[in-house]
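Step one of this worksheet: look at the structure below.
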Amino acid sequence: MAEDKLPARSEDFSEWYNQLVVRADLADYAPVRGCMVVKPYGWALWENICDWLDAEFKKTGHVNAAFPTLIPMSFFEKEKEHVEGFAPELAVVTHGGGAELEEKLAVRPTSETIIGHMYSKWVKSWRDLPLLIVQWGSVMRWELRTKLFLRTAEFYWHEGHTAHADEAEAKEEMYRILDIYEQFCYEQAAIPVLKGTKSETERFAGAQITTSIEAMMWDKRALQSGTSHYFGENFSKAFDIQFLNKDNQLTFAQTTSWAISSRIIGAMIMVHGDDKGLVLPPRLAPVQAVVVPIFKNDDEKAKVMDVADRLFAELKAANVRVKFDDRDNVSSGFKFNDWEMRGVPVRVEIGPKDVEKGTVALARRDKPGREGKVFVSQENIAQTVGALLDEVQAALLQRAVEYRDANIHNVQTYDQLKEVVQDGWAFAYWCESTECEKKVKEETKATTRNIPFDQPNEEGKCVVCGKASKRKVYFAKAY
RNA sequence: CGGGGCGUGGCGCAGUCCGGCUAGCGCGCUUGCUUUGGGAGCAAGAGGUCGUAGGUUCGAAUCCUAUCGCCCCGACCA
């Protein structure tokens, strides 16, 4: 049954990923080039991600709204850098109702322009600020090479767009959101991320400052997992977002935008997954525990089902997201493998021997095979499972932190840098010049990921050119 | 856009060079019986105008022409 197994993660990481996404039932290939269909299981995972973030945004004063999918082409021309950044990947609607349109419409690749246009109508007084709006939806970028969740032509996300009266407040907003993203990654997704500022070349088209969280995948490549931008007056000038301040002076608003996309699902796959399939962090897993009954004949079945039903009900009553696998057309061995492929954190196995002894077998997904299996009492099953879920959540994060830290290397020389980025991340002083950054990219394919905020106030030498430099940056090959 | 590969039941493929009978195989699917503590077995079934259009021929999955699409590697990217 070799064809039932995934390709080994260590043999062909890319193929492992491609097959895993489909076989874990997260998504399927759509009939449109580069697009995916997110299946119910994948969407349930996405909803759990969105629910947590949505609650945090609301706690911090944000509100949700919806803007159109289609944006007049002329809007893109208003901000020079923005149009240069996005024009190549726009999908454009040229016809409507059977006739050619007078003005072509772009399918939104991001919504700064149309939201900027509306903000100019809505912002007249300092009393209208801050304006803190989040849009949940999808956007489209005509990517040349796509991969499910990581880079598809259409992807799902939330995009926050805020307008503020002054610079300090806008910057505070940018950092506040980045902190929420960081907290989400550590506490919910069990993905350790590194916060920092993007270099000028890696900056969002039209931003003055782009901050990001960067995560290390299992193959040690970096994945930008969330971004938060400060625009200064770039967009408010382009779209004329002006208000009268308390001193009756006409002032341009300060704006920000920020996003986490469905790409974060790709990050979870590539950080936690193993040769048996997906491994989901308990807090976000659509199914946290699955009950698998095991029996040989009708007599056993009756006894086992009776207990399994009871345990299932207890777990459900304790608000564990639990599933009862009562399929009678597949063997229990098949079910074990099936739920492992889907990444369910805890499996509760109940067979005739357990019924006799008053036990169940608990298998934790992060430790496959016998190592992760323990027999526990049926008493207080919800408590036991709940504690195990917490343990798995913590173990996943710890493993990911250790892996990340073991593969980031401080480097002093350019030769060291070149070697390290072949299979890891390099952390080094950099003079922040585009030339040095470009040289590294051309010679190693590694790019600067971000410059961490908190750095000791020390002076070093740029790892590329040797010039005096104050801050260190992460270099890594990125997705 | 440059290089490479591929379109044949739901999926993965064989057959194409060298045209020939009713287009095969594995997985999956349906039904039945036996099974179920790590990917079960047997039996009987359902399912294909061979990417599309045209041409050559007594006869085309196979040869010719055109066309569409997909995948992989590179350049670009959340």
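In what follows, every chain begins at residue 1, and chains take the letters A, B, ... in the order their sequences are listed.
A side-chain donor-acceptor contact under 3.5 Å links T201(A) and E437(A). K276(A) and N337(A) share a donor-acceptor pair across their side chains, judged by distance under 3.5 Å alone. No side-chain N or O of H161(A) forms a donor-acceptor pair with one of S257(A) less than 3.5 Å apart. With no hydrogens or angles considered, no side-chain donor-acceptor pair links D12(A) and Y17(A) at under 3.5 Å.
At the heavy-atom level, V139(A) lies nowhere under 4.0 Å from the strands shown. Among the heavy atoms of the strands, none lies under 4.0 Å from F204(A). Counting any heavy atom pair closer than 4.0 Å across all strands shown, L150(A) reaches a base atom. Base contact: T152(A) has a heavy atom under 4.0 Å from a base atom. As judged by a 4.0 angstrom heavy-atom cut-off over every strand, A259(A) is placed among residues making no nucleic acid contact. Nucleic acid contact class of P88(A) (heavy atoms, under 4.0 Å, all strands): none. Residue contacts for E300(A): at a heavy-atom cut-off of 4.0 Å it reaches no nucleic acid atom on any strand shown. At the heavy-atom level, K335(A) lies nowhere under 4.0 Å from the strands shown. Contact annotation for K198(A): no contact, since no heavy-atom pair falls under 4.0 Å across all strands.
Aromatic ring orientation, F155(A) versus W157(A): perpendicular (interplanar angle above 60°, classes split at 30° and 60°).
When the C1' atom is compared between C50(B) and C6(B), the two are found 14 Å apart, to the nearest whole Å. Taking atom C1' in both C11(B) and G28(B), the straight-line distance is 7 Å, to the nearest Å. Spacing of C1' atoms, G55(B) relative to C13(B), comes out at 30 Å, to the nearest Å. U62(B) and G19(B) are spaced 6 Å apart, taking the C1' atom of each and rounding to whole Å. Using C1' as the reference atom, G26(B) and G47(B) are 16 Å apart when rounded to the nearest Å. With P as the reference atom, A44(B) and C27(B) are 15 Å apart, rounded to whole Å. Nucleotides G9(B) and G4(B) have their C1' atoms positioned 29 Å apart, rounded to a whole Å. Only the C1' atoms considered, G7(B) is 13 Å distant from U16(B), to the nearest whole Å.
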Dot-bracket, 5' to 3', for RNA chain B please: Watson-Crick or G-U pairs under 3.5 Å, [ ] where pairs cross earlier ones, | where the partner sits on another strand, dots elsewhere.
((((((((.[[[[.)....(...]]]].((((((.....)))))).....[[[[[..)....]]]]])))))))....

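In this structure, N329(A) atom CG and C42(B) atom P are separated by 18 Å, rounded to whole Å. Rounded to an integer number of Å, the gap from NZ of K147(A) to C1' of C76(B) is 17 Å. Across the protein-nucleic acid pair, K357(A) atom NZ and G37(B) atom P stand 16 Å apart, rounded to whole Å. Atom CG of D275(A) is separated from atom C1' of G38(B) by 16 Å (rounded to the nearest Å). Note: NZ (K296(A)) to C1' (G37(B)) measures 7 Å, nearest angstrom. Rounded to an integer number of Å, the gap from CZ of F336(A) to C1' of G38(B) is 6 Å. Atoms CD (E89(A)) and P (C76(B)) sit 13 Å apart, rounded to a whole Å. Protein atom CZ of R327(A) is 16 Å distant from nucleotide atom P of G38(B), rounded to whole Å.
K323(A) pairs by the side chain to side chain donor-acceptor pair (under 3.5 Å) definition with nothing, not counting sequence neighbours. E172(A) is linked by a salt bridge (Lys or Arg N to Asp or Glu O under 4.0 Å) to R176(A), counting only residues two or more places apart in sequence or in another chain.
Considering only side-chain atoms of K441(A), the nucleotide from G39(B), C76(B), G37(B) that sits closest is C76(B). The side chain of N18(A) lies closest to C72(B) when the candidates are U36(B), G39(B), C72(B). When distances are taken from the side chain of F295(A) to each of U36(B), A75(B), G38(B), the shortest belongs to U36(B). Considering only side-chain atoms of E340(A), the nucleotide from G39(B), U36(B), G38(B) that sits closest is G38(B). Checking G38(B), C76(B), G37(B) against the side-chain heavy atoms of E143(A) singles out C76(B) as nearest.
Between T201(A) and A361(A), it is A361(A) whose nearest contact on RNA chain B lies nearer the 5' terminus. Residue-to-nucleotide proximity on RNA chain B shows that, of K445(A) and K276(A), the 5′-proximal contact is made by K276(A).
One cannot find a donor-acceptor pair under 3.5 Å joining the base of G38(B) and the side-chain atoms of R370(A). A donor-acceptor contact under 3.5 angstrom links the side-chain atoms of D354(A) to the base of G37(B).
At A40(B), one or more side-chain N or O atoms of S331(A) fall inside 4.0 Å of OP1 or OP2 (strictly under the cut-off).
K195(A) has a carboxylate O that lies under 4.0 Å from a charged side-chain N of D179(A), or vice versa, which qualifies the two as a salt bridge.
Applying side chain to side chain contact (heavy atoms under 4.5 Å, CB included) to V360(A) and the options V385(A), V292(A), I381(A) leaves one that passes, I381(A).
Taking the ring centroids of W258(A) and F57(A), they lie under the 6.0 Å cut-off.
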